[in-house]
Each structure stands twice: as C-alpha cells, then as structure tokens.
Amino acid sequence: MRRLRVVLWVLAVAAVLGFGILLLVNKRAGQGPSSPLAGFTLGGPFTLTGADGKPFSSSSLKGKPHAMFFGFTHCPDVCPTTLARLVKLRKQLGGAPDRPAILFVTVDPERDGPAEVGKYAQLFDSPVIGLTGAPAHVAKVQKQYGIFSQKVPDGSGGYSVDHTSATLLFDANGEFAGTIVPEESDSVALEKMKRIATSG
Amino acid sequence: MLHRFSALGLLAAVAGCSPSIGNPQIEVDSAWVRPSLAGSGASAAYVSIENRGSGDDRLLSVSTDVAGRVTLHASTSEGGIARMRPLPKGLTIPSGETVTLTPGGNHVMLDQVKRPLKPGEQIPLTLSFERSGTRLVQAQVSNGPANQQSAGHGGH
C-alpha cells in the first residue's frame, strides 16, 4: 500500500513536470491552435528585382495575402496556364475583402531580366508582379521557398527548365497556407484562394 | 509462313486497322495561340486534329511566320515537377480518333516570336502531316480555348 502511494506521487510529479515542459516548448515555438501549419515555416523575407529594375522587398507584401509561382518566360505552356488560372480564380473571388497578389518569380534569371518578366506578367490582363534578380539572389529565394529547378538541354542549342509546379499560398499575416498544384480542380483551388483572401 | 503473313495483312487492310494501309482523312479545328509580346519569351499553339479516315497519320511539324522557331512539345507535371520535352517523332493521329493539344499536355511551342500576338488576332499555322501533306489553319490569339472563351469559362 505504501509502495503504491510512492508510485502515484512519482507519477503525479512527472505529469506536472511534463505538462510544464510542454507549455514551455509550445511557448518557445510560438505555436497557436489556429492554423494546421502553425510552427512550420517556409519562405521569409527577401529582396528581388521588379519589372522596373528597382529592388522589390517582401515587406511590400505585408498584410496582403499572396500566391507565389516560380517559372520562366521561355515556358510556353505550364507557366502561362498556371498564371492564367490564378488570375481567373482571383476574378472569381469577386468582392472578397482582400484579393491575393499574384507573384511570378523567374527560375531562369540568366535569360529573364526585369524587362522580360515585366512583359510576361502583362500578358494576363490583370496585375501580376514579375520578379527576377541576380542568379545568386534567385537561388537563395528558391532555397528559402523550397523550389526546385534544373536546366535541361532542348536538343537544339537552347534549354528548358524543369521546375516545381506548385503555387505557394501565403495569408495576410505572411504565413504559409498551402499550395495549389496543376492536378487540382478549379473548385478546390478556388477554396484555397478564398481561405487566404479572408485571412486578414 | 509467308502466306499467313500476307493473309493477315489483307485482313488488316480490310478491317482498316493497319497504320500503313488505308487513307487518313485529316481535319484541323479549334486552333488558338497564347498572347505574346515581341521578345517576351515564348508562346504556344493548340489545335484539335481529327482523323476520319481509315489509316493512321502523323503530325510531323508546324510552321508560322510569326515565330523564328516552332517545335512540338509535351508538358508533364509529375512528382510536383513541371517538365517540357520535345516530340522529335511528331504526334500520331490514329484513324478514327481526335487528338487535341491542350494546356499542360502536348503543345506547339512558338519561340523567337517576331511581333506582338494580341488577343482576338488570327495567326496562320501550317501543319505538316506524314501522309496527308499540309493543312493551313487560322489560330485565334486568346488565353484559353476558343469554345471555352465563348462559353464564358463554363467551369466545372
């Protein structure tokens, strides 16, 4: 009987300690129960070059939900298909409180200067922010955002670029809020856009 | 043995299912081209090719005077990675079938675009087939297939 009491006391102390540690860890990680991705970080601050040739800082996106797609202007099919779809979905949001900004970041800065990304971004009859930068800067941002790219010879002296096909979504607080992939239906993609548009 | 093979060949010819026997009958429809600004990378063209004939055919190449280089490509998106590869052997158009080039799949890549391609404009495309010769079509410049545009983006 005495032995059982000791065991119970030990268990109680362990439970209190454990709970305390859990609270501490949670507080340190800054986790809240609000988002399923809370505590998971992707992205972060960056400075690239806008279509006007001037620096574009991620701080200008503060408080604004945004959809970020990495591609290249010599991409005739997948990239314009993705950007045209994002523009279409944003139009479908109608009067949502905060319609997401759409960013196009080149993974081919050697060929895509500010003028090239700027012209490309203009093709969709709706504002798209075209971004480029020094190859080292772009590579750093790709790493930050988990974006793969690889040049592949096209057999006739030029090259194509294999790249991550997902669009990354960020809410008004700048928190990563998931992806839209080409395989998803428009209705699923629209729900995701709605979610970030009403996150503010 | 030889007899058996020729008998099979004859049977195939009668049934119309041999690629080298029977005549393809090619019709090209629903052509559209993505808008482009001169010097802004690349554009893509999409067409629908129907073969109403009894023999297979093959789309070998496409040409247009608005682009310096025109190539047939396939896009894929597998494992989260978008890739684009040339189709050096062209595209088979089986008898009795319609092959439609669509965004995210097979497409005609227009590179070195010489002048701006503005929405609503018509761009001539010449398609060369292995057996049917050439077909000239007018492709409408737009951000999506022509039928989808007129249907007001019907959606899913």
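Just so we're on the same page: letters track the sequence lines, and every chain starts at 1. Being a predicted model, the structure only gives us computed values, none of them experimental.
- With rounding to the nearest 0.5 angstrom, the CE atom of Met84(B) is 8.5 Å from the NE2 atom of His163(A).
- Within 6.0 Å of NZ on Lys64(A) lie more than 12 heavy atoms contributed by other residues, nucleotides or ligands.
- For Pro76(A) against Ala44(B), the heavy-atom pair with the smallest separation is O-CB, 3.4 Å.
- Note on Val181(A): it does not cluster hydrophobically with Ile196(A), by side-chain heavy-atom contacts below 4.5 Å among ILVMFWY residues.
- Clustering ILVMFWY residues whenever any of their side-chain heavy atoms sit less than 4.5 angstrom apart, transitively, puts Tyr159(A) in the very cluster that holds Phe72(A).
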TODO: Starting from the C-alpha separation in whole Å, work towards a yes-or-no answer on side chain to side chain contact (heavy atoms under 4.5 Å, CB included) for Asp162(A) and Arg85(B).
DONE: CA-CA 10 Å; Asp162(A) 291 353; Arg85(B) 295 289 180 270; 2.9 Å; yes
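- Using a 4.5 Å heavy-atom threshold, the side chains of Leu37(B) and Gln122(A) count as touching.
- The contact between Pro103(B) and chain A is made by backbone and side chain atoms together, counting heavy-atom distances below 4.5 Å.
- When each of Val87(A), Val152(A), Thr179(A), Val161(A) is scored by its heavy-atom pairs under 4.5 Å with chain B, the top score falls to Val152(A).
- Remark: side-chain polar atoms of Thr164(A) are not paired, donor with acceptor, to backbone N or O of Ile81(B) under 3.5 angstrom.
- Taking each heavy atom of Ser77(B) and Glu183(A) in turn, the nearest pair found is O-OE2, 2.9 Å.
- Here CG of Asn106(B) is found 9.0 Å from CG of Asp77(A). Values are rounded to the nearest 0.5 Å.
- Only the backbone of Thr102(B) comes within contact range of chain A, with at least one heavy atom under 4.5 Å from a heavy atom of that chain.
- Hydrophobic clustering of Ile, Leu, Val, Met, Phe, Trp and Tyr side chains at less than 4.5 Å, counting indirect connections, keeps Leu87(B) apart from Val78(A).
- To the nearest 0.5 Å, atom CD of residue Gln112(B) and atom NE2 of residue His74(A) are 8.0 Å apart.
- The closest side-chain heavy-atom distance from Asp154(A) to Met109(B) is not below 4.5 Å.
- Side-chain N or O atoms of Asn143(B) include one that pairs as donor or acceptor with a backbone N or O of Leu123(A) at under 3.5 Å.
- Tracing side-chain contacts under 4.5 Å through hydrophobic residues (I, L, V, M, F, W, Y), one reaches Val33(B) starting from Val99(B); they form part of the same cluster.
- A donor-acceptor pair shorter than 3.5 Å can be found between the side chains of Arg34(B) and Thr81(A).
- Under the 4.5 Å side-chain heavy-atom criterion for ILVMFWY residues, a single connected hydrophobic cluster contains both Tyr46(B) and Leu91(B).
- Using a 4.5 Å cut-off between heavy atoms, Pro182(A) contacts chain B through its side chain alone, with no backbone atom that close.
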